[in-house]
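One structure below.
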Amino acid sequence: MTGIPLATPYLDTGADQLSFTLGRPEHPALAVRDLTVAGTVVQLRLLGASHQVIAGPVRETVACLPGVEGGLPESATHEFDGWRYHFGARVLHCSAGEFTERVAAVLARCDGDARSLCGVFPGSPDAVTALAVAPHGSGLSWRTWHTYPQSRQIVATQTRLEAR
C-alpha cells in the first residue's frame, strides 16, 4: 500500500513541533474516515499538521498548532463521563535502513484495513501520517504514526478509550 497521496506539504517538520491537545474543534482535514468501532462513532482525520481522532467524548489532536507549544507527553490520562482515556507517545530515532523498514511496516499494517487511514505527503514516499483504530476490552484503541524522513524520526502514539 502506498497510502493516500496528499497534494499538500506537511506543516510539521519534526517530532518536537507536535503538540497534544484534547477538546479542540475540528481542523480542516486532508482526508477523513468515519466508522463505528465497538459501538462508538469514530472519525479519523489526517491534517496538514498531522492528525485528529474524534471518538465518543474525545477530540484528540496531535499536530503542529499555531499558538500551542510543541512537545508530546509520554503519557496522559483523563476521565470523561463514563470513559477512561489514556494516551502515550514515543519518538523513535532510526538509522536510514531502519527508518525505511519501519515506514514500510506502517504502510503494510494499514493496507486493506477499513479501520485505518494513511496519507503520504509529497516529496518522499516515507513522509507518512497513519491512523488505525480497533476494538479493545470495554472500548477501543487507536495507534498513529507520524514519520519525518529528513530527521529519520517516527512519532508513534497509542490511545485507549474504555468505558468505566
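Just so you know, these numbers use all the heavy atoms, side chains as well, and skip hydrogens, waters and symmetry mates.
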Can you measure from [atom1] ([X]) to [atom2] ([Y]) and round to the nearest 0.5 angstrom?
X	Y	atom1	atom2	value
His136	Ser141	NE2	OG	5.5 Å
Gln158	Trp142	CD	CH2	11.0 Å
Leu107	Cys118	CG	SG	4.5 Å
Thr21	Gln52	OG1	CD	7.5 Å

Under a single-linkage definition using a 4.5 Å side-chain heavy-atom cutoff for Ile, Leu, Val, Met, Phe, Trp and Tyr, are [X] and [Y] assigned to the same hydrophobic cluster?
X	Y	answer
Val68	Val58	no
Val62	Val53	yes
Phe121	Tyr148	yes
Leu131	Leu72	yes
Phe20	Leu46	yes

Indicate yes or no: at least one non-hydrogen side-chain atom of [X] is less than 4.5 angstrom from one of [Y].
X	Y	answer
Trp145	Val128	no
Leu47	Leu30	no
Thr144	Leu44	no

Stepwise, does the side-chain contact (heavy atoms from CB on, under 4.5 Å) test hold for Leu22 with Arg59?
CA-CA 5 Å; Leu22 290 172; Arg59 287 178 184 257; over 6 Å; no

Using modelled atom types and a 3.5 Å cut-off, is there a donor and acceptor pairing between side-chain atoms of [X] and backbone atoms of [Y]?
X	Y	result
Thr61	Ala63	no
Thr100	Gly97	no
Ser19	Gly70	no

Minimum heavy-atom separation for [X] and [Y], please, with both atom names.
X	Y	value
Gly139	Ala38	O-CB, 3.3 Å
Pro122	Leu6	CD-O, 3.3 Å
Val120	Ser124	CG1-O, 3.7 Å
Leu35	Arg115	CD2-CA, 4.2 Å
Ala29	Arg45	CB-NH2, 3.5 Å
Leu65	His27	CD2-CE1, 3.7 Å

side-chain contact (heavy atoms from CB on, under 4.5 Å) partners for Asp34, two or more places apart:
Val32, Gln43

Distance-only donor-acceptor check, side chains Ser50 and Thr129, under 3.5 Å
no

Just to verify, what does Glu98 make a side chain to side chain donor-acceptor pair (under 3.5 Å) with, not counting sequence neighbours?
Arg102

Indicate every side-chain donor-acceptor pair of residues 82-93 with a distance under 3.5 Å to a residue at least two apart or in another chain.
from: Arg84; atom 1: NE; to: Glu79; atom 2: OE2; distance (Å): 3.1
from: Tyr85; atom 1: OH; to: Glu60; atom 2: OE1; distance (Å): 2.5
from: His86; atom 1: ND1; to: Thr77; atom 2: OG1; distance (Å): 3.0

For a side chain to side chain donor-acceptor pair (under 3.5 Å) check, start with the C-alpha distance between Glu162 and Ser138, then their side-chain angles and the critical distance, and finish with the verdict.
CA-CA 5 Å; Glu162 297 174 303; Ser138 62; 4.8 Å; no

